[in-house]
Amino acid sequence: MTKSRFAHLLKSAREHDHVAWYELGNCYLNLFGDYDYLDHSYYVSQEYENRGAHILPTCKEMLDAYIPPIFLEKAKRANISVPEHYISNGYFEPPVIVDPINPFMLKSRVVLKPGREKSIAKSMTRNYTYAICCQKLDTGDEVVKFRSVLGWCTNPEFRQLSKFVLEVFHVPLATVRVVVKKNGAMLLSDISPLEFNDLRATEFEYLEGKISWSK
């Protein structure tokens, strides 16, 4: 993709408040890529919903996607493999992925060895005020991330999971976390923001072929 074309896409996104028409889905897409609760992107979807327009993701879908235990349960109900997990107010056993469930912390922790459980739990629960979501790991598991753009990924290995992210969660742009088992099985673990302005040239090119900035 040329620099001029890249600049045109950025300009178009800003002019249309990062909302594009998606012909294949017969809907509008909120392409901010960061769908945090009560951020500008949240209100953009809310505005479209209030006037009866079909836009993805909806405000409810944003909340479902970014709250770890809800995300995992929704994936399970769609027959997508996820790690075994539990909710705790502080106790957990390594090896484990620990995700916060509170509005003030986003960063997760991968804890492979015992020894610092108490200090990590105290920090991530904000002194045991909020719960945490813990995903069990086995020795030899690998925790990896990929970039999902409208149900597609530059790496063919992750394209099926990327397709699930769009079809099940209706999230067009996401950073996706996966637990890869020793036998190669992939477990969907989490999604987090992938902002429109952080897309790479190949991702822009793919997106450009699927959307229209006016309808």
Side-chain angles (χ1 to χ4, degrees), residues 30 32-39 41-42 45 56-114 116-138 141-149 151 153 158 160-181 185-195 198:
N30 182 331
F32 272 90
D34 186 343
Y35 305 107
D36 226 0
Y37 180 54
L38 299 185
D39 273 4
S41 59
Y42 180 90
S45 280
L56 302 178
T58 64
C59 294
K60 181 182 183 302
E61 287 166 340
M62 292 179 188
L63 293 173
D64 288 351
Y66 280 7
I67 299 176
I70 296 178
F71 169 83
L72 292 167
E73 184 61 29
K74 193 170 181 177
K76 278 181 63 178
R77 292 186 180 189
N79 295 317
I80 302 170
S81 298
V82 300
E84 185 179 349
H85 55 280
Y86 54 93
I87 296 174
S88 171
N89 285 323
Y91 174 81
F92 62 85
E93 292 184 359
V96 66
I97 301 173
V98 183
D99 288 305
I101 311 176
N102 73 68
F104 309 109
M105 183 180 292
L106 297 175
K107 189 175 181 180
S108 63
R109 292 286 298 269
V110 178
V111 185
L112 298 178
K113 298 179 180 180
R116 297 190 58 225
E117 293 95 327
K118 288 185 178 180
S119 61
I120 292 172
K122 185 175 182 180
S123 171
M124 297 197 70
T125 60
R126 290 295 177 98
N127 202 23
Y128 308 107
T129 303
Y130 300 98
I132 50 178
C133 181
C134 305
Q135 299 182 35
K136 294 183 178 181
L137 297 174
D138 293 321
D141 285 351
E142 186 179 3
V143 180
V144 301
K145 292 183 178 182
F146 69 87
R147 298 155 65 95
S148 179
V149 179
C153 178
F158 299 117
Q160 185 59 54
L161 282 179
S162 185
K163 184 179 178 183
F164 287 150
V165 168
L166 181 64
E167 291 181 347
V168 175
F169 300 96
H170 296 159
V171 175
L173 301 178
T175 300
V176 185
R177 189 177 70 202
V178 177
V179 175
V180 182
K181 309 297 287 185
M186 296 185 186
L187 310 182
L188 190 61
S189 176
D190 179 65
I191 59 175
S192 56
L194 172 59
E195 294 190 26
D198 291 334

Original post:
Quick one: CZ on F164 to CD1 on I191, what's the gap to the nearest 0.5 Å?
Top reply: 14.0 Å

**OP:** Kindly indicate whether the side chain of L112, heavy atoms from C-beta on, has any atom under 4.5 Å from the side chain of P95.
**Re:** yes

Original post:
Below 4.5 Å, heavy atoms only, C-beta onward: do K122 and Y128 meet side chain to side chain?
Top reply: yes

**OP:** Please check if the side chain of S189 supplies one atom and the backbone of V179 the other of a donor-acceptor pair under 3.5 Å.
**Re:** no

Original post:
Roughly how far, to the nearest 0.5 Å, is the CG atom of D190 from the NE2 atom of H85?
Top reply: 12.0 Å

**OP:** Can you measure from OG (S192) to NZ (K107) and round to the nearest 0.5 angstrom?
**Re:** 12.5 Å

**OP:** May I ask you to test the L166-V171 pair for a side-chain heavy-atom distance under 4.5 Å?
**Re:** no

Subject >> For L72 against P83, the heavy-atom pair lying closest together >> reply: CD2-CD, 4.3 Å

Subject >> Side chain N30, main chain S41, donor-acceptor under 3.5 Å >> reply: yes

Subject >> Flag side-chain contact, heavy atom, 4.5 Å: S45 against T58 >> reply: no

Subject >> K74 atom NZ, over 12 foreign heavy atoms within 6.0 Å >> reply: yes

Subject >> side-chain contact (heavy atoms from CB on, under 4.5 Å) assessment of D141 paired with K181 >> reply: CA-CA 5 Å; D141 285 351; K181 309 297 287 185; 2.9 Å; yes

**OP:** Write down the atom of L194, the atom of S148, and the distance for their closest heavy-atom approach.
**Re:** CD2-O, 3.9 Å

Subject >> Residues S108 and R177: side-chain donor-acceptor under 3.5 angstrom >> reply: yes

Original post:
Is there a donor-acceptor pair under 3.5 Å between the side chain of S81 and the backbone N or O of L187?
Top reply: no

Original post:
Should M124 and P100 count as side-chain neighbours, where that means a heavy-atom distance under 4.5 Å?
Top reply: yes

Original post:
For the atom pair CE (M62) and CG (D36), what is the distance rounded to the nearest 0.5 Å?
Top reply: 10.0 Å

**OP:** Taking all heavy atoms of N89 and all of T125, pick out the closest pair and write down the distance.
**Re:** O-CG2, 3.6 Å

Original post:
Does atom NZ of K136 have more than 12 heavy-atom neighbours, drawn from other residues, nucleotides or ligands, at distances under 6.0 Å?
Top reply: no

**OP:** Could you tell me whether the side chain of L161 reaches within less than 4.5 Å of the side chain of V176, counting heavy atoms only?
**Re:** no

Original post:
Do you know the tightest heavy-atom contact between I101 and Y130?
Top reply: O-CB, 3.8 Å

**OP:** May I ask you to check whether F169 and F71 place their ring centres under 6.0 Å from each other?
**Re:** yes

Original post:
For the atom pair NE2 (H170) and CG (L56), what is the distance rounded to the nearest 0.5 Å?
Top reply: 5.5 Å

Original post:
What orientation do Y66 and Y35 show, parallel under 30°, tilted 30 to 60°, or perpendicular over 60°?
Top reply: tilted

**OP:** Show your working on side-chain contact (heavy atoms from CB on, under 4.5 Å) between V110 and L137 and close with a plain yes or no.
**Re:** CA-CA 9 Å; V110 178; L137 297 174; 4.1 Å; yes

Subject >> Min side-chain heavy-atom separation F32-D39 under 4.5 Å >> reply: no

Original post:
How far apart are the closest heavy atoms of P193 and T175, and which atoms are they?
Top reply: O-OG1, 3.0 Å

Original post:
Which pair of heavy atoms, one from S88 and one from G90, lies closest together, and at what distance?
Top reply: OG-N, 2.9 Å

Original post:
Do E84 and Y86 have a side chain donor and acceptor closer than 3.5 Å?
Top reply: no

Original post:
Counting N and O atoms only, with roles assigned by atom type, does the side chain of S162 sit under 3.5 Å from a partner on the main chain of F158, one being a donor and the other an acceptor?
Top reply: no

